[in-house]
Amino acid sequence: MVRSRPASQMTGTTNHRAADSTPQDHPIVPFRLTLAEPVVEQIIVQREELGLVLSREVEAALRTVPRHLFAPGVPLEQAYANHSIVTKRTERGSPLSSVSAPWVQAMMLGQLQVAPGQRVLEIGGGYNAALLRELVGPEGSVSTLDIDPEIADRALSCLTTAGYRDVRVLCADGEFGAAEYGPFDRIIVTVGTWGIPPAWVEQLAEGGRLVVPLWIKGLCQSWALERHGRCLVGRDRIGCGFVPMQGVGKYRSQSIPLHGGQASLWVGDQQADATALGEALSTPRVEAWSGVTVRKGEIELFGGLGLWLARLPEFCLLSAKQDAVDRGLVSPASPMASPALLDRDSSLAYRAKLRPLDAGKTIRELGAYAHGPHAAEVAERFVDQIRIWDRDHRHGPGPRLTVHPAGTPDGDLPAGLVIDRRHTRIVVSWPDHAE
Ligand SMILES: C[S@@+](CC[C@H](N)C(=O)[O-])C[C@H]1O[C@@H](n2cnc3c(N)ncnc32)[C@H](O)[C@@H]1O
């Protein structure tokens with residue numbers, strides 16, 4: 001389905017913010033600024049902990065755009081909290097649409113490096129389009145599209161209410177971009193995707209930047225990629241979570257339920273014996289600790305470690321219900337998804353919850369828990385990989401992602417983990433290392 005909203009729904013104003021809705025004129029503004037302040041401060045501190053700086057432009061945009069107008073009916077305190085607000089769910093309760101968390105938006109806008117006067121396409125429409133509008137200024141343009149007519153309508157209405165009447169709102173499948181309004185200097189995707197459709201590369205200007213939350217081996221990270229000819233190249237990435245893409249690019253990954261669904265394993269293309277692995281979880285736990293420590297706030301490291309492990313064919317991800325964690329069935333680093341390694345179909349090791357080494361819990365050690373007949377072996381293999389990653393990659397430039405057209409011969413690809421998608425070959429390559 002491609003149903004583009006006609007451009008006549010834009011006001012055609014050349015001022016990027018309507019004159020009647022400047023922050024100063026709005027009656028709720030002093031209250032809103034007070035509400036926005038804590039979240040902006042939190043984001044600044046979070047970024048400092050990661051060694052990153054929140055640009056003045058993004059900071060100003062976060063303070064300027066009235067976020068509550070994009071979450072009608074949501075209490076003000078919630079609208080200005082530092083988490084996402086789910087705005088639509090499936091009948092079974094899974095999120096279909098949300099106003100992304102401010103820290104995620106700030107982080108992705110940082111990756112996007114938008115400059116005044118640029119043409120930007122956003123896929124997955126809403127509040128972020130208003131932030132983009134602030135960043136591109138009067139000379140730039142923002143087009144935003146959403147596949148869901150109800151969300152696209154709401155985005156248009158919220159943007160209009162907030163005074164952003166010249167954001168172009170389209171209802172269409174983002175898989176195909178918006179060729180009629182391109183090429184774009186920047187494309188930002190605010191929905192989780194498994195591949196890079198050719199339209200995104202074609203509609204990006206040479207040297208332009210695409211920021212996209214991409215699932216690689218089950219790990220979702222936001223990558224900043226630049227166009228070089230028919231390829232995309234980038235290294236900047238940050239872990240995140242997003243609702244999955246719908247439409248032509250929809251993809252459903254399979255997880256294997258263990259213990260009646262108390263835990264589950266995402267195994268990608270591997271064969272795995274759910275009964276044997278479920279039984280393994282009932283066997284005593286074996287622990288292995290790596291001697292590698294992390295400090296509070298070093299959360300970003302884990303994305304790098306996850307990708308490092310993901311290049312192994314036996315890589316998988318373990319998820320667990322809170323009840324399974326509370327009962328002690330498993331104790332993973334993150335119940336949402338912890339990196340794990342399979343061994344001969346009957347054993348597995350997963351990244352354990354960090355082990356505090358000091359009373360204040362500021363220094364914590366990385367390790368693995370394992371179950372099954374080969375538990376000791378697989379746990380040791382896991383922590384060996386943590387040590388190699390720590391020695392060779394933790395402090396280095398990190399992996400590079402390149403995206404090539406489908407059909408690119410193997411010989412023309414860089415060495416690394418190759419993921420074949422419908423239209424593209426995605427390669428994660430690590431700087432040379434000695435194992
Ligand atoms: C996390 S929300 C977007 C958040 C939004 N950018 C904001 O600032 O709050 C993701 C959106 O992507 C939309 N979406 C899902 N698949 C899509 C597709 N193929 N094309 C366009 N939009 C899509 C969903 O309808 C949903 O509204």
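Computed from a predicted model, the values in this text were never measured in an experiment.
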* To do: Would you kindly check if the NZ (Lys) or CZ (Arg) of Arg422 is within the cone defined by 45 degrees around the ring axis of Tyr251 and under 6.0 Å from the six-membered ring centre?
  => no
* Glu206 side chain to Gly229 backbone, donor-acceptor under 3.5 Å -> yes
* Asked: Got a second to check how far Leu318's CG is from Leu258's CG, nearest 0.5 Å?
  -> 7.5 Å
* Asked: What's the shortest heavy-atom distance between Gln385 and Leu309, and which atoms?
  -> CB-CD2, 3.6 Å
* About how many Å separate CG of Leu159 and OG of Ser157, when rounded to the nearest 0.5 Å? -> 8.5 Å
* Asked: Are side-chain heavy atoms of Pro116 and Glu139 found at a separation under 4.5 Å?
  -> no
* **Cationic tip of Arg168 above Tyr181 ring, under 6.0 Å, 45° of axis** => yes
* **Of Val211, Ile216, Leu232, the residue whose pairing with Trp223 passes side chain to side chain contact (heavy atoms under 4.5 Å, CB included)** => Ile216
* Decide yes or no for Trp200 and Leu204: does some side-chain heavy atom of the first lie under 4.5 Å from some side-chain heavy atom of the second? => no
* Verify, without hydrogens or angle tests, whether Ser290 (side chain) and Val383 (backbone) share a donor-acceptor contact under 3.5 angstrom. => no
* Asked: When you look at Leu265 and Leu342, which way does the side chain to side chain contact (heavy atoms under 4.5 Å, CB included) test go after all the steps?
  -> CA-CA 10 Å; Leu265 267 188; Leu342 286 180; 4.0 Å; yes
* Mind running salt bridge (charged side-chain N to carboxylate O under 4.0 Å, His left out) on Arg425 and Asp410 for me, showing each step along the way? => CA-CA 10 Å; Arg425 308 196 74 187; Asp410 285 351; 2.7 Å; yes
* Donor-acceptor pair, Asp146 side chain versus Gly125 backbone, under 3.5 Å? -> yes
* Could you check Leu214, Leu307, Val233 and say which one makes a side chain to side chain contact (heavy atoms under 4.5 Å, CB included) with Leu401? => Leu214
* Asked: Does a side-chain heavy-atom distance below 4.5 Å link Val418 with Ile426?
  -> no
* **Flag for Thr362-Asp358: side-chain donor and acceptor within less than 3.5 Å** => yes
* **Close side-chain approach of Leu366 to Trp289, heavy-atom, < 4.5 Å** => no
* Side-chain contact test, heavy atoms from C-beta onward, threshold under 4.5 Å: evaluate it for Ile85 versus Arg67 and give yes or no. => yes
* For the residue pair Glu226 and Arg209, what are the closest heavy atoms and their distance? -> OE2-NH2, 3.0 Å
* Using a 4.5 Å cut-off on heavy atoms from C-beta on, say whether the side chain of Arg351 contacts that of Pro339. => yes
* I would like to know whether Met108 and Ile188 meet side chain to side chain contact (heavy atoms under 4.5 Å, CB included); could you show each step before the answer? => CA-CA 8 Å; Met108 291 177 76; Ile188 180 165; 4.0 Å; yes
* Residue pair Leu354, Val294: steps toward the side chain to side chain contact (heavy atoms under 4.5 Å, CB included) verdict -> CA-CA 9 Å; Leu354 291 168; Val294 293; 3.9 Å; yes
* To do: Step through the shown structure and confirm whether more than 12 heavy atoms of other residues, nucleotides or ligands are within 6.0 Å of CZ on Arg230.
  => no
* Asked: Which heavy atom in Arg133 sits nearest to a heavy atom in Pro138, and how many Å separate them?
  -> NH2-O, 4.3 Å
* Asked: At their closest point, which heavy atom of Val189 faces which heavy atom of Pro213, and how far apart are they?
  -> O-CD, 3.0 Å
* To do: Side-chain contact test, heavy atoms from C-beta onward, threshold under 4.5 Å: evaluate it for Tyr164 versus Val65 and give yes or no.
  => yes
* Asked: Taking the side chain from Ser338 and the backbone from Ser334, do they hold a donor-acceptor pair closer than 3.5 Å?
  -> yes
* Drop me the distance from Gln246's CD to Thr90's OG1, to the nearest 0.5 angstrom. => 10.0 Å
* Answer whether the closest heavy-atom distance between the side chains of Arg364 and Arg355 falls below 4.5 Å. => no
* Asked: Is there a donor-acceptor pair closer than 3.5 Å between any side-chain N or O of Thr424 and the backbone N or O of Arg421?
  -> no
* Asked: Would you say the side-chain atoms of Arg119 pair up with the backbone N or O of Pro183, donor to acceptor, closer than 3.5 Å?
  -> yes
* Asked: Is a side-chain N or O of Arg186 found less than 3.5 angstrom from the main chain of Leu112, in a donor-acceptor match?
  -> yes
* **Heavy-atom pair of closest approach, residues Leu145 and Ala172** => CD1-O, 3.6 Å
* To do: Drop me the distance from Phe70's CZ to Cys158's SG, to the nearest 0.5 angstrom.
  => 6.0 Å
* Are Thr87 and Arg154 close enough that a side-chain donor and a side-chain acceptor fall under 3.5 Å? -> yes
* Rounded distance (nearest 0.5 Å) linking atom NZ of Lys353 with atom CD of Glu365 -> 15.5 Å
* **Arg387/Asp384 salt bridge by N-O under 4.0 Å criterion** => yes
* Asked: Sub-3.5 Å donor-acceptor pair from the side chain of Arg400 to the main-chain atoms of Arg235, do we have one?
  -> no
* Is a side-chain donor or acceptor of Ser84 paired with a backbone partner of Ser98 at a separation under 3.5 angstrom? -> no
* Asked: Can you tell me how far the CD1 atom of Ile151 sits from the OG1 atom of Thr144, to the nearest 0.5 Å?
  -> 11.5 Å
* **Lys250 NZ: over 12 foreign heavy atoms closer than 6.0 Å** => no
* Minimal non-hydrogen separation, Val136 against Ser141, with atom names -> CG2-N, 3.9 Å
* To do: Spell out, as yes or no, whether a donor-acceptor pair under 3.5 Å connects the side chain of Asp173 to the backbone of Val248.
  => yes
* Stepwise side chain to side chain contact (heavy atoms under 4.5 Å, CB included) check, Leu109 with Leu135 -> CA-CA 9 Å; Leu109 291 174; Leu135 294 169; 4.1 Å; yes
* Modelled atom types, side-chain donor and acceptor of Ser143 and Glu122, under 3.5 Å -> no
* Asked: Would Arg63 and Glu59 pass as an ion pair if we require N to O under 4.0 Å?
  -> yes
